[in-house]
Amino acid sequence: MICQVILWNILASAVILFCGAFFRVDFKKIVQNDWNLKEYDFIIVGSGSAGAVLANRLSEVNNWNILLLEAGQPGNIITAIPLMAPIFQVTPYNWNYTMEKQDGICLGMEDNTCAWPRGRALGGSTVINYVIYTRGNPIDYKRWSDEGNPGWSYEEVLPYFLKSENCDIGSLCDSKYHNRGGYLNVEYPYASILSKQFYKAGLEMGSKYVDYNTEDYLGYSRIQANLRRGRRDSVATAFLYPILQRPNLRILTSARVTKVLINEDKLAYGVEFYRRGKKYTVTAKKEVILSAGAFHSPQLLMLSGVGPAEHLQELDIPLVKNLPVGKSLKDHVTYLGLIFKMNVTVNNKFSIFSPQEVLNYLLRGKGGYASLGGVESLAYIKTKGSKTPENYPDIELMLSGIGSLEADYGLISRRELRIREEVYDKFFRPLELTPTFAILPILLHPKSNGFLKLRSKNPLDRPLLYGNFYTDQENADLKTMIAAVRYIQQLTQTEAFRALDATPNTIPVPNCEVYEFDSDSYWECALRTFSVTVHHQISTCKMGKVVDERLKVIGIKNLRVADTSVIPVTLSAHTSAPAMMLGEKTADIIREDWNEKQS
Ligand SMILES: Cc1cc2nc3c(=O)[nH]c(=O)nc-3n(C[C@H](O)[C@H](O)[C@H](O)COP(=O)(O)OP(=O)(O)OC[C@H]3O[C@@H](n4cnc5c(N)ncnc54)[C@H](O)[C@@H]3O)c2cc1C
Ligand SMILES: *[C@@H]1O[C@H](CO)[C@@H](O)[C@H](O)[C@H]1NC(C)=O
Ligand SMILES: *[C@@H]1O[C@H](CO)[C@@H](O)[C@H](O)[C@H]1NC(C)=O
């Protein structure tokens with residue numbers, strides 16, 4: 001065991017050195033010194049999925065000056081390797097937040113508390129995420145627009161997905177749902193033969209093979225990913241590095257914004273920020289745009305006096321505008337205990353340490369290093385008894401070809417997910433030396449709703465975050481997840497999976513031994529024990545409630561929010577592409593509002 005760990009480290013370093021020569025990403029090009037503090041036309045706070053795209057598109061207008069402020073640092077050579085995705089949550093690229101402790105969830109975690117990671121980097125969460133590229137489907141956007149948000153229907157947002165895209169997934173690119181020539185690369189990551197069995201099993205279940213980024217999305221698919229020849233295409237590498245020479249765009253990293261400045265006319269005119277221990281203020285002639293993500297945009301609004309009156313009063317923050325900031329917080333929850341043993345070694349955990357693998361990756365961007373941390377394929381399904389509209393998925397399945405937490409021998413994932421050691425030892429460790437795969441069910445449209453509050457007036461304090469998973473009155477969320485478990489049990493008994501001798505793990509989930517194994521109450525307990533996030537937090541500055549359909553903060557002039565916090569409805573998607581779409585569309589809205597020609 002110890003030998004393996006040492007071997008891992010030595011080989012990993014060697015590989016990284018090799019890669020260094022190949023990647024040659026020149027991060028120093030970002031000039032950080034000769035910035036001025038006079039004023040800018042637009043100040044964008046946060047350089048994630050939405051903020052980076054906005055910075056790119058707004059700076060296309062030559063006579064506008066843009067300042068992009070980011071609390072984190074640029075990514076590096078290692079963040080470029082998609083296989084490494086699981087390790088970045090234990091680096092400075094994560095804000096390291098946790099949910100507040102709540103009854104009935106996260107029961108297998110340290111202190112019964114789940115981690116809630118978010119990216120803190122130039123490129124935001126796209127520097128630490130799994131680069132899975134999904135947009136959601138027409139019904140998602142119909143719901144978005146029907147909630148009183150004109151402009152956000154599928155027909156109206158599709159052009160913005162296409163605008164970003166540089167499609168590199170073969171013949172699928174020829175359909176009207178894909179585009180070539182955009183900033184953001186879309187290609188296939190590594191997938192083993194296990195994926196083929198997964199699709200075959202899906203067919204046996206009566207499903208079909210689809211491109212989930214079209215209007216025919218219900219079914220099984222290869223994953224489309226934001227990679228460029230196997231390297232992570234974060235929004236920084238895609239949208240910012242190519243335009244660093246623009247004289248009207250200033251990017252400042254390590255700059256932590258603490259307040260939006262709003263005058264008596266309720267007009268936002270600048271921000272206050274800290275950089276290397278010094279405090280600065282900078283003014284915006286036209287607008288301040290918050291793209292600080294689902295946790296920090298609401299935090300900044302409240303620190304600036306925009307939020308629920310009673311909460312701000314509690315903290316003695318002068319009220320500027322009473323709005324339900326942080327009152328909703330939706331996320332996607334999953335379960336990582338559905339691990340299956342098989343009789344073939346598909347993805348040997350050490351096979352990547354071969355010269356062929358390294359060369360294959362360096363030269364072609366293919367092979368195990370181009371794996372999304374083990375995630376290979378996905379499916380959108382509708383479970384038995386589902387109450388969603390016809391053809392509307394309630395569950396996404398993610399196939400992991402290297403099992404679950406045990407794939408790294410409990411070294412990294414266990415820690416970042418805060419799984420207790422004795423829980424790991426009982427449930428996951430016995431699987432370490434067996435070939436396994438896992439199927440993760442994702443609850444797409446939870447009824448449960450979380451919330452977020454300030455912990456204190458101190459702008460550097462982390463907010464109070466409540467997930468509220470599995471708390472809806474009718475228990476609909478748990479029922480759907482149990483239906484998904486049953487679906488996966490059936491799926492893994494198809495001929496396709498029997499050919500691999502797929503057998504479910506029969507070790508009971510620690511904490512749930514009291515229930516009859518495989519009964520619904522057993523699964524309820526299991527789901528509550530490993531109730532982990534898929535990192536898709538939305539709705540904390542909900543459109544229609546906190547911002548209007550043009551992303552303007554209601555009742556405040558010259559202030560907008562553009563990031564996943566404004567998304568008003570749960571999406572059948574991972575949320576990075578939707579946030580990029582928001583960035584693209586917001587840029588057009590802003591141009592329209594200031595009478596600048598559209599590009
Ligand atoms: C571990 C992980 C895996 C994920 N995997 C996927 C995936 O495979 N596919 C997918 O589609 N989605 C995935 N997601 C979700 C997706 O990445 C996010 O939903 C999306 O990137 C959010 O975009 P955003 O623009 O809202 O915010 P972010 O990308 O989170 O950007 C916000 C930025 O603002 C900065 N910021 C915050 N506060 C301040 C402040 N006060 N001052 C200055 N800067 C500030 C932050 O440092 C950050 O860089 C994942 C997320 C995580 C965390
Ligand atoms: C998060 O924790 C890791 C160690 O687990 C640490 O290296 C990193 O600096 C922390 N990030 C922040 C933003 O504090
Ligand atoms: C795995 O098990 C299946 C079903 O029992 C069998 O057909 C197959 O030959 C086995 N494969 C190997 C490599 O043992």
Side-chain angles (χ1 to χ4, degrees), residues 43-54 68-73 82 85-97 115-136 189 223-226 232 234-236 252-260 271-275 290-297 299-300 303 331-332 342-345 372-373 375 378 398 412 415-416 435 459-460 462 495 497-503 533-538 540-541 561-567 571 573-580 582-583:
I43 299 172
I44 302 170
V45 181
S47 64
S49 301
V53 175
L54 253 176
L68 176 59
L69 296 172
E70 168 54 55
Q73 296 282 324
I87 75 174
F88 305 126
Q89 289 168 44
V90 286
T91 67
Y93 293 120
N94 181 8
W95 284 91
N96 290 343
Y97 290 166
W116 235 359
R118 295 285 310 187
R120 185 184 205 257
L122 189 67
S125 296
T126 69
V127 172
I128 66 168
N129 76 5
Y130 280 59
V131 292
I132 295 169
Y133 179 73
T134 62
R135 301 170 183 166
I223 282 186
Q224 301 172 21
N226 297 131
R232 174 191 297 276
S234 74
V235 286
L252 213 55
T253 55
S254 303
R256 172 91 180 257
V257 175
T258 47
K259 195 176 182 183
V260 181
V271 300
E272 193 178 272
F273 70 93
Y274 283 82
R275 187 159 193 266
L290 299 181
S291 297
F295 293 160
H296 294 102
S297 289
Q299 182 192 31
L300 282 169
L303 289 167
D331 193 10
H332 285 156
M342 54 185 167
N343 66 355
V344 283
T345 305
L372 309 183
V375 179
L378 53 81
M398 267 195 316
I412 295 156
R415 278 166 225 245
E416 67 191 13
L460 304 180
R462 64 206 170 89
E495 266 177 44
F497 274 117
R498 262 188 284 149
L500 305 171
D501 201 22
T503 37
T533 175
V534 200
H535 320 291
H536 300 160
Q537 304 90 355
I538 58 164
T540 48
C541 302
V561 181
D563 55 32
T564 61
S565 68
V566 304
I567 299 177
L571 302 178
H574 300 239
T575 40
S576 188
M580 294 183 223
L582 265 160

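Counting starts at 1 for both ligands and their atoms, in listed order.
Here the protein heavy atom with the shortest distance to atom 11 (O) of ligand 1 is Ser576 N, 2.8 Å. If you check which protein heavy atom lies closest to atom 21 (O) of ligand 1, you get Ser49 OG, 2.6 Å. Counting only heavy atoms of the protein, atom 6 (C) of ligand 1 lies nearest to Asn129 CB, 3.5 Å. Closest to atom 41 (N) of ligand 1, if we only count protein heavy atoms, is Val257 O, 2.8 Å. Counting only heavy atoms of the protein, atom 1 (C) of ligand 1 lies nearest to Gln89 NE2, 3.3 Å. In terms of protein heavy-atom proximity, atom 33 (C) of ligand 1 is closest to Glu70 OE1, 3.7 Å. Protein heavy atom closest to atom 7 (C) of ligand 1, with residue, atom name and distance, is Ile132 N, 3.6 Å. The nearest heavy-atom contact from the protein to atom 44 (N) of ligand 1 is Ala71 N, 3.1 Å.
In this structure, Leu300 and Val257 have side chains that are in contact, with non-hydrogen atoms separated by less than 4.5 Å. In this structure, the side chains of Leu460 and Thr258 come closer than 4.5 Å at one or more pairs of heavy atoms. Between Trp95 and Arg462 the shortest side-chain heavy-atom distance does not fall below 4.5 Å. Considering only heavy atoms from C-beta on, Pro86 comes within 4.5 Å of Glu416 through its side chain. By the 4.5 Å heavy-atom criterion applied to side chains, Ile132 and Met398 are counted as neighbours. Side chains of Asp331 and Ile538 form no contact here, defined as non-hydrogen atoms less than 4.5 Å apart. You'll find the side chain of Arg275 stays beyond 4.5 Å of the side chain of Arg256, heavy atoms only.
Under 4.0 Å from ligand 1, not a single heavy atom of Ala294 appears. Residue His574 touches ligand 1 through backbone and side chain together, judged by heavy-atom distances below 4.0 Å. Within the 4.0 Å heavy-atom criterion, neither part of Thr258 lies near ligand 1. When non-hydrogen atoms are compared, ligand 1 lies under 4.0 Å from the backbone of Ala121 (N, CA, C, O) but not from its side chain.
Closest non-hydrogen pair, Ser234 versus Val127, comes out as CB-CG2, 4.2 Å.
Under 3.5 Å, the side chains of Ser576 and Ser49 contain a donor-acceptor pair of N or O atoms.
In this structure a side-chain-to-backbone donor-acceptor pair under 3.5 Å is present from Asn94 to Arg118. Thr134 places no side-chain N or O within 3.5 Å of a backbone atom of Gly136 that could act as its donor or acceptor partner. No side-chain donor-acceptor contact under 3.5 Å links Ser297 to the backbone of Ala294. No side-chain donor-acceptor contact under 3.5 Å links Ser47 to the backbone of Ala52.
Near Gly124, the atoms of ligand 1 lying under 4.0 angstrom from a non-hydrogen atom of the residue are 29 (O), 31 (O), 48 (C), 49 (O). Residue Ser125 approaches ligand 1 through these ligand atoms, each under 4.0 Å from one of its heavy atoms: 17 (O), 21 (O), 28 (P), 29 (O), 30 (O). Set against the non-hydrogen atoms of Val344, the atoms of ligand 3 under 4.0 Å away are 13 (C). Listed by atom number, the atoms of ligand 1 under 4.0 Å from Asp563 heavy atoms are 24 (P), 25 (O), 26 (O). Atoms of ligand 3 lying under 4.0 Å from at least one heavy atom of Arg498, given by number and element, are 3 (C), 4 (C). For ligand 1 and His296, the ligand atoms under 4.0 Å from any heavy atom of the residue are 37 (C), 38 (N). Within ligand 3, the atoms closer than 4.0 Å to a non-hydrogen atom of Ala499 are 1 (C), 3 (C), numbered from 1 in the order shown.
With distances taken over non-hydrogen atoms, the option nearest atom 48 (C) of ligand 1 out of Gly119, Gly48, Gly293 is Gly119. Remark: among candidates Lys259, His536, His535, Arg118, the nearest residue to atom 28 (P) of ligand 1 is Arg118, based on non-hydrogen atoms. Evaluated by nearest non-hydrogen atom to atom 43 (C) of ligand 1, the leading choice among Gly46, Pro578, Ala225, Ala255 is Ala255.
For residues 123-136, the salt bridge (Lys or Arg N to Asp or Glu O under 4.0 Å) pairs, not counting sequence neighbours, are Arg135-Glu165.
Of the polar atoms of Val131, at least one N or O is found under 3.5 Å from an N or O of ligand 1, judged by distance alone. Note: no N/O pair closer than 3.5 Å links Arg120 and ligand 1 by distance alone. Of the polar atoms of Asn343, at least one N or O is found under 3.5 Å from an N or O of ligand 3, judged by distance alone. An N or O contact shorter than 3.5 Å links Ala50 to ligand 1 by distance. For Thr564, a nitrogen or oxygen atom sits less than 3.5 Å from a nitrogen or oxygen atom of ligand 1, counting backbone and side chain alike.
Distance check: Leu372 CG to Tyr130 OH gives 9.0 Å after rounding to the nearest 0.5 Å.
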Verdict with reasoning, Gln73 to Ser254, per side chain to side chain donor-acceptor pair (under 3.5 Å) | CA-CA 6 Å; Gln73 296 282 324; Ser254 303; 2.4 Å; yes

Residues Phe88, Asn129; criterion side chain to side chain contact (heavy atoms under 4.5 Å, CB included); working and verdict | CA-CA 9 Å; Phe88 305 126; Asn129 76 5; over 6 Å; no

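In this structure Tyr97 satisfies the side-chain hydrogen bond (donor to acceptor under 3.5 Å, both in side chains) test together with His296, sequence neighbours excluded. With sequence neighbours left out, the side-chain hydrogen bond (donor to acceptor under 3.5 Å, both in side chains) criterion links Ser291 to no other residue.
Aromatic ring pairs are classed by plane angle as parallel below 30°, tilted from 30° to 60° and perpendicular above 60°; the pair His536 and His574 is perpendicular.
Within the 4.0 Å heavy-atom shell around ligand 1 one finds Trp95.
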Quick check for students: name every N or O atom pair between ligand 2 and the protein closer than 3.5 Å, with distances.
unit_1   : atom_1 : unit_2 : atom_2 : d
ligand 2 : 2 (O)  : Asn96  : OD1    : 3.4
ligand 2 : 2 (O)  : Asn96  : ND2    : 2.4
ligand 2 : 11 (N) : Asn94  : O      : 3.3
ligand 2 : 11 (N) : Asn96  : ND2    : 2.9

